[in-house]
Amino acid sequence: MPTNTSELGDFDQRIEVLIIPVSDVDRSRDFYVRLGWRLDVTPPGVVQITPPGSATSVQFGPEGFTPAAPGSATAYLVVADIVTAREALIAAGVEVTDYFHRTTEGFTPGLDPARTTYSTRATFPTPTTTPGSSKKSPPASPAASNLQA
């Protein structure tokens, strides 16, 4: 049974940075900046970007920065209003799938009728995704980000 404490004691722990593998650092940086993510000041060879309102940043760098293969990361970009967020992404030139939501039978096209929190999703390719590869309904390709509200 999970508890809030461990043998280490009870102290705050936060995830502040996620490292993602990319094949093209410049293209990846430009993509996330185009989404409105803040480009942070970092040591040479490291790119760190932070989504608006997020306490967690994303880092990437040249080949060898992480042993993971480019395109192997999947993430959820959680937003309060998926309709507004999807429209903004499309306006910024990002390919975004249609909405879909989870039901007891699996994923179903369209917005969740009850607009339940964390139920409706859409996917979009990241710079390490082959364009158009996330056009299918879930599960999303490993190199796609899931927009969720």
Side-chain angles (χ1 to χ4, degrees), residues 2-102 106-107 111-112 115-149:
T3 65
N4 291 335
T5 61
S6 72
E7 292 178 17
L8 296 176
D10 186 15
F11 57 91
D12 288 346
Q13 300 179 41
R14 294 174 298 282
I15 296 176
E16 291 191 10
V17 175
L18 298 174
I19 297 173
I20 60 171
V22 301
S23 57
D24 186 326
V25 173
D26 293 334
R27 191 174 85 196
S28 297
R29 179 200 59 232
D30 294 347
F31 174 82
Y32 290 108
V33 167
R34 191 174 77 211
L35 297 183
W37 294 25
R38 182 185 72 230
L39 183 60
D40 300 329
V41 176
T42 58
V46 176
V47 174
Q48 180 171 305
I49 52 176
T50 305
S54 179
T56 303
S57 299
V58 174
Q59 282 186 354
F60 47 86
E63 186 175 336
F65 189 70
T66 175
S72 63
T74 300
Y76 287 99
L77 180 61
V78 179
V79 297
D81 182 345
I82 194 165
V83 173
T84 300
R86 182 176 179 274
E87 289 172 358
L89 286 168
I90 291 170
V94 177
E95 287 185 43
V96 184
T97 64
D98 289 333
Y99 307 107
F100 55 90
H101 63 281
R102 186 181 297 275
F107 289 105
L111 294 166
D112 173 41
R115 298 300 286 267
T116 309
T117 302
Y118 294 104
S119 293
T120 300
R121 299 179 185 178
T123 63
F124 60 95
T126 60
T128 56
T129 307
T130 303
S133 67
S134 66
K135 283 294 186 188
K136 298 177 182 171
S137 289
S141 72
S145 291
N146 290 280
L147 185 62
Q148 183 169 313

Could you tell me whether a side-chain N or O of [X] sits under 3.5 Å from a main-chain N or O of [Y], the two making a donor and an acceptor?
{"X": "Thr97", "Y": "Thr123", "value": "yes"}
{"X": "Arg34", "Y": "Ala92", "value": "yes"}
{"X": "Ser119", "Y": "Asp112", "value": "no"}
{"X": "Ser72", "Y": "Ala68", "value": "no"}

Please tell me if the side chains of [X] and [Y] come closer than 4.5 Å, counting only heavy atoms from C-beta onward.
{"X": "Asp40", "Y": "Val47", "answer": "no"}
{"X": "Arg115", "Y": "Val83", "answer": "yes"}
{"X": "Gln48", "Y": "Arg38", "answer": "no"}
{"X": "Val17", "Y": "Val58", "answer": "no"}
{"X": "Leu18", "Y": "Thr56", "answer": "yes"}
{"X": "Ile90", "Y": "Phe124", "answer": "no"}
{"X": "Pro21", "Y": "Thr66", "answer": "yes"}

Looking at every heavy atom in both [X] and [Y], which two are closest together, and how far apart are they?
{"X": "Val25", "Y": "Gly61", "answer": "CG2-O, 3.2 Å"}
{"X": "Pro62", "Y": "Gly45", "answer": "CD-O, 3.0 Å"}
{"X": "Ile20", "Y": "Phe60", "answer": "O-CB, 3.3 Å"}

>> Tell me whether the rings of Phe107 and Phe100 are parallel (<30°), tilted (30 to 60°) or perpendicular (>60°).
In response: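 It falls in the perpendicular class, over 60°.
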Reference residue Arg86; test side chain to side chain donor-acceptor pair (under 3.5 Å); the match among Asp98, Asp81, Thr120 =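 The residue from Asp98, Asp81, Thr120 that satisfies side chain to side chain donor-acceptor pair (under 3.5 Å) with Arg86 turns out to be Asp98.
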In Å and rounded to the nearest 0.5 Å, what is the [atom1] to [atom2] distance from [X] to [Y]?
{"X": "Ile82", "Y": "Leu111", "atom1": "CD1", "atom2": "CG", "value": "7.5 Å"}
{"X": "Leu39", "Y": "Thr50", "atom1": "CG", "atom2": "OG1", "value": "9.0 Å"}
{"X": "Arg29", "Y": "Asp24", "atom1": "CZ", "atom2": "CG", "value": "9.0 Å"}
{"X": "Leu89", "Y": "Glu95", "atom1": "CG", "atom2": "CD", "value": "12.0 Å"}
{"X": "Ser54", "Y": "Trp37", "atom1": "OG", "atom2": "CH2", "value": "7.5 Å"}

Evaluate Val94 against Phe31 for side chain to side chain contact (heavy atoms under 4.5 Å, CB included), listing each step before the verdict. CA-CA 9 Å; Val94 177; Phe31 174 82; 4.0 Å; yes
